[in-house]
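In what follows, every chain begins at residue 1, and chains take the letters A, B, ... in the order their sequences are listed.
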Number of protein chains: 2
Amino acid sequence: MLNQSDTAIDARAVSRNSNDLGQGDGRVRVARLSFLQDQEIFPQEVPATRLYRVLSGAVRTVRLLCDGRRQIGAFHFPGDWFGLSADGAHRFGAEAVSDAVVEAYPRSVLTLGGAAGPCAGPENAIVLQLARAEDHLLLLGRKTAEERVAAFLCDLNARGIRELPMRRQDIADYLGLTIETVSRMLSHLQRSGLVEIAHSRSLRILKEDALSTLAA
Amino acid sequence: MLNQSDTAIDARAVSRNSNDLGQGDGRVRVARLSFLQDQEIFPQEVPATRLYRVLSGAVRTVRLLCDGRRQIGAFHFPGDWFGLSADGAHRFGAEAVSDAVVEAYPRSVLTLGGAAGPCAGPENAIVLQLARAEDHLLLLGRKTAEERVAAFLCDLNARGIRELPMRRQDIADYLGLTIETVSRMLSHLQRSGLVEIAHSRSLRILKEDALSTLAA
DNA sequence: CGGTGCCTTGAATTTATTCAATGGTTGTGG
DNA sequence: CCACAACCATTGAATAAATTCAAGGCACCG
């Protein structure tokens with residue numbers, strides 16, 4: 001079903017290299033990893049030993065219910081940190097949405113710099129991730145289907161994403177909807193002239209204000 | 001509407017005292033604050049300057065949509081940390097569910113101990129809060145009304161809470177449902193003999209396994 | 001005793017889902 | 001090059017789930 005298995009070994013071809021994190025505390029070992037579309041980066045419910053950062057492509061965090069229902073916790077794009085879940089075990093697994101390259105850091109980088117470091121570091125990423133999760137709670141708990149889709153497009157737009165790397169099923173599982181509902185709402189937003197989505201994938205916001213108003 | 005206003009000043013009667021946090025880094029100034037039921041502890045969208053811990057009572061974190069829709073992010077009980085949202089601004093405000101006493105710490109305690117400290121510290125609380133938020137994402141995005149209510153009761157039970165301090169409206173806003181649906185589901189769980197709820201408030205789990213199975 | 005606030009229950013309605021069919025694109029093999 | 005299969009997205013109609021609307025009950029308080 002997923003194009004893993006045989007090609008996975010080749011895809012995981014790992015090139016390790018040392019790298020200075022810039023915190024003055026010596027060098028940190030960083031692994032660079034490549035993944036094919038839909039390949040698993042780390043599974044759900046496994047001890048979180050490393051932190052990751054997206055270099056290229058896109059990553060989703062995924063959680064499955066025993067009967068197959070799926071929730072996507074977040075999408076991560078180049079520059080974004082992920083895998084900071086819990087120190088005990090990841091609540092969500094991580095998978096490549098498209099072919100992707102990520103860097104893996106030892107967990108120790110979290111406590112390297114303390115509060116003094118630059119704002120782009122992983123310490124702030126944890127707080128950013130919590131903020132994103134809390135925003136998403138509001139969306140899932142209280143917004144309508146149309147508001148969810150509008151908010152999703154606004155968020156992508158704000159993050160500079162102009163090409164949807166994920167399938168409708170991913171969007172649906174992120175927004176707590178079905179693919180059909182997502183599709184209907186996208187069609188509706190297009191008919192209303194707020195956005196334009198070519199070939200199901202390329203995103204163009206035509207009326208940004210109206211869209212963000214709709215996103216509630 | 002809320003019993004704030006006049007009595008608020010009295011209620012906020014603050015007793016400050018010095019306190020050793022146990023991290024060996026000297027003493028930290030801790031304020032002890034009391035709040036009446038439904039009183040605001042800190043508002044939504046305000047810089048997060050302090051960390052809080054519940055001493056007694058219960059606290060909810062709240063976020064409002066402009067049209068009045070409300071989402072509760074979490075409930076906090078004695079021993080729980082809260083207010084760790086973002087360093088920029090709180091995504092959620094905090095309010096007392098019942099009369100409550102909390103301790104307020106300076107934000108600096110977050111970086112005091114690093115990774116070496118005991119597991120009960122605020123550093124782990126941030127990660128715990130993220131884990132809770134992620135669990136809640138799954139609940140809001142993919143669970144049915146009955147599963148949500150069952151999961152809520154299971155969670156309270158696991159945290160040792162046997163008395164519901166919050167109103168039905170709070171439960172509804174936490175679970176992304178309406179009060180009527182919450183009430184119906186509670187009635188249904190009682191008719192099924194899984195739980196017993198006396199006087200709308202006291203919680204007794206009769207079939208823990210069955211309930212947690214229902215919680216999915 | 002009457003009033004208020006909160007909870008519960010039933011019926012009607014709405015929203016999103018499920019079921020079903022169709023269209024478009026891509027890649028493969030004849 | 002075209003036919004065909006596989007996969008994904010879209011659309012319509014029927015269904016199910018939760019909400020909204022409405023009424024009534026219970027406890028608490030002045």
Side-chain angles (χ1 to χ4, degrees), chain A residues 1-3 7 37-38 65 67-71 97-99 139-153 163-192 195-203 214 216, chain B residues 1-3 37-38 65 67-71 97-98 139-153 163-192 195-203 214 216:
Chain A
M1 190 189 246
L2 305 180
N3 56 0
T7 51
Q37 185 174 30
D38 291 325
L65 238 30
D67 63 356
R69 280 175 286 176
R70 191 175 77 144
Q71 179 66 40
V97 169
S98 57
D99 292 354
L139 180 146
L140 292 175
R142 285 296 176 222
K143 292 191 181 176
T144 65
E146 186 175 46
E147 288 168 343
R148 293 180 200 203
V149 172
F152 174 67
L153 298 180
E163 195 79 18
L164 306 178
M166 71 290 285
R167 295 191 274 273
R168 293 291 182 271
Q169 186 64 62
D170 288 331
I171 300 176
D173 288 342
Y174 178 62
L175 299 178
L177 301 169
T178 60
I179 42 172
E180 293 95 331
T181 302
V182 170
S183 188
R184 273 184 256 274
M185 295 304 145
L186 286 174
S187 298
H188 181 244
L189 290 177
Q190 286 189 89
R191 259 181 272 117
S192 309
V195 303
E196 188 183 70
I197 294 174
H199 316 299
S200 303
R201 291 291 172 119
S202 87
L203 171 64
L214 242 189
Chain B
M1 191 189 248
L2 303 181
N3 55 359
Q37 185 175 30
D38 291 324
L65 238 30
D67 64 356
R69 281 175 285 177
R70 190 176 78 145
Q71 178 67 39
V97 169
S98 56
L139 181 145
L140 293 174
R142 284 298 177 220
K143 292 190 181 177
T144 65
E146 185 175 46
E147 288 168 343
R148 291 180 201 204
V149 173
F152 174 66
L153 298 181
E163 195 78 18
L164 305 178
M166 70 289 287
R167 295 191 276 271
R168 293 291 182 272
Q169 187 64 62
D170 288 331
I171 300 176
D173 288 343
Y174 178 63
L175 298 178
L177 301 169
T178 60
I179 42 171
E180 293 95 330
T181 301
V182 170
S183 187
R184 274 185 255 273
M185 295 303 145
L186 287 174
S187 299
H188 181 242
L189 291 177
Q190 287 188 88
R191 259 181 274 114
S192 308
V195 303
E196 187 184 70
I197 295 173
H199 317 298
S200 302
R201 291 290 172 120
S202 85
L203 172 64
L214 241 190

Using distance only, find each side-chain donor-acceptor pair of residues 175-182 of chain B under 3.5 Å and give its atom names and separation, not counting sequence neighbours.
unit_1   : atom_1 : unit_2   : atom_2 : d
B:Thr178 : OG1    : B:Thr181 : N      : 3.3
B:Thr178 : OG1    : B:Thr181 : OG1    : 3.0

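Both A:Arg142 and A:Leu186 sit near DNA chain D, but only A:Leu186 has its closest nucleotide nearer the 5' end.
One atom, CD of B:Gln37, and another, P of C:dG5, lie 13 Å apart when rounded to the nearest Å. Taking atom CE on B:Met166 and atom P on C:dC6, their separation rounds to 15 Å, with Å as the unit. To the nearest angstrom, P of C:dG5 lies 16 Å from CG of B:Asp170. Between the NE2 atom of A:His188 and the C1' atom of D:dT10 there is a distance of 15 Å, rounded to whole Å. Distance CG (A:Asp173) to P (D:dC8): 13 Å, rounded to an integer number of Å. Rounded to an integer number of Å, the gap from CD of B:Gln169 to C1' of C:dT8 is 14 Å. One can place CD1 of B:Ile179 at 11 Å from C1' of D:dT19, the figure rounded to the nearest angstrom.
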Which protein N or O atoms sit under 3.5 Å from an N or O of nucleotides 13-16 of chain C?
unit_1 : atom_1 : unit_2   : atom_2 : d
C:dA16 : OP1    : A:Ala145 : N      : 2.9

Between protein and nucleotides 21-23 of chain D, what N or O pairs are separated by less than 3.5 Å?
unit_1 : atom_1 : unit_2   : atom_2 : d
D:dC21 : N4     : B:Glu180 : OE2    : 3.2

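Every side chain to side chain donor-acceptor pair (under 3.5 Å) that A:Thr144 has, sequence neighbours left out, goes to A:Glu147. Partners of B:Gln190 by side chain to side chain donor-acceptor pair (under 3.5 Å), not counting sequence neighbours: none found. Evaluation of the side chain to side chain donor-acceptor pair (under 3.5 Å) rule for A:Glu146 yields A:His188 as partners, not counting sequence neighbours. With sequence neighbours left out, the side chain to side chain donor-acceptor pair (under 3.5 Å) criterion links A:Glu163 to no other residue. Scanning for side chain to side chain contact (heavy atoms under 4.5 Å, CB included) contacts around B:Arg70 gives B:Arg60, B:Val62, B:Leu64, B:Ile72, B:Glu95, B:Gln169, B:Asp170, B:Asp173, with sequence neighbours left out.
Within the 4.5 Å cutoff, the side chain of A:Leu186 has heavy atoms near those of the A:Leu153 side chain. Taking 4.5 Å as the limit, every side-chain heavy atom of A:Gln71 sits out of range of all side-chain heavy atoms of A:Leu65. Taking 4.5 Å as the limit, every side-chain heavy atom of B:Val149 sits out of range of all side-chain heavy atoms of B:Ile171.
Atoms OH and CG, from A:Tyr174 and A:Leu139 in turn, are 7.0 Å apart once rounded to the nearest 0.5 Å.
Phosphate contact (OP1/OP2 of D:dT10, side-chain N/O of A:Arg168, threshold under 4.0 Å): present.
Within residues 195-202 of chain B, the residues that have a heavy atom under 4.0 Å from DNA chain C are, in order of number, B:Ser200, B:Arg201.
At a threshold of 4.0 angstrom between heavy atoms, the contacts of B:Ser187 are confined to the sugar-phosphate backbone, with no base atom among them.
Salt-bridge formation is detected for the pair B:Asp38/B:Arg167: a Lys NZ or Arg NE/NH1/NH2 atom is positioned less than 4.0 Å from an Asp or Glu carboxylate oxygen.
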